[in-house]
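Take a look at the structure set out below.
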Amino acid sequence: MISRNVYPQTRPGKWSVGLLLAVFLLLIVATVSTQSAQPFNTGTLFDNTWAAAASMTAFAAAIGAFFVGLYTILRNQERAASVFFTVLLGGIVVLFVLFQLFA
């Protein structure tokens, strides 16, 4: 049986984990749409509108999951492992975006 500390107990914690799941689903959609466009010989990501929209939405969802998870940990005292994992992965995405902006 999985212990109680894996699943979030608060509503923002559940939102944070849900946003992280949405990130993975959107990245799968972006990958599939990119692979299906191979016969059309698209040069960049932004030549394929579906892949670009899914990727940008995934980045936005990851950043949102980071901030919602951080809020949940600090404000609601959530101690679920899934929320900490969400904050970790969202933090990596936030750092990636910041390094891309300032590099």
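Everything quoted here is computed from the prediction, not taken from an experiment.
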What is the distance from atom [atom1] of [X] to atom [atom2] of [Y], rounded to the nearest 0.5 Å?
X	Y	atom1	atom2	answer
Leu70	Phe84	CG	CZ	10.0 Å
Leu20	Leu88	CG	CG	10.0 Å
Leu21	Ser16	CG	OG	10.0 Å

Legend entry - Passing candidate, side-chain contact (heavy atoms from CB on, under 4.5 Å) with Thr57, options Val29, Val23, Leu27, Leu26: Leu26
Inset, instruction - Give the minimum heavy-atom separation between Pro12 and Val68, together with the two atoms involved. - result: O-CG1, 3.3 Å
Legend entry - Closest approach of Ala61 to Leu19 (non-hydrogen atoms, all atoms of both residues): O-CB, 3.9 Å
Inset, instruction - Measure from the side-chain N and O atoms of Ser55 to the backbone N and O of Ala52, and report whether any donor-acceptor pair falls under 3.5 Å. - result: no
Legend entry - Check: Thr10 main-chain N/O paired with Glu78 side-chain donor or acceptor under 3.5 Å: yes
Contacts under 3.5 angstrom, residues 89-103 side chains, donor-acceptor by atom type, not counting sequence neighbours:
none

Inset, instruction - Report yes if some heavy atom in the side chain of Pro8 is under 4.5 Å from a heavy atom in the side chain of Ser82; otherwise report no. - result: yes
Inset, instruction - Look at the side-chain heavy atoms of Ile, Leu, Val, Met, Phe, Trp and Tyr, link any pair under 4.5 Å apart, and say whether Phe85 and Leu74 land in one connected group. - result: no
Inset, instruction - Could you list all the side-chain hydrogen bond (donor to acceptor under 3.5 Å, both in side chains) pairs where at least one residue sits in residues 63-77, not counting sequence neighbours? - result: Gln77-Arg79
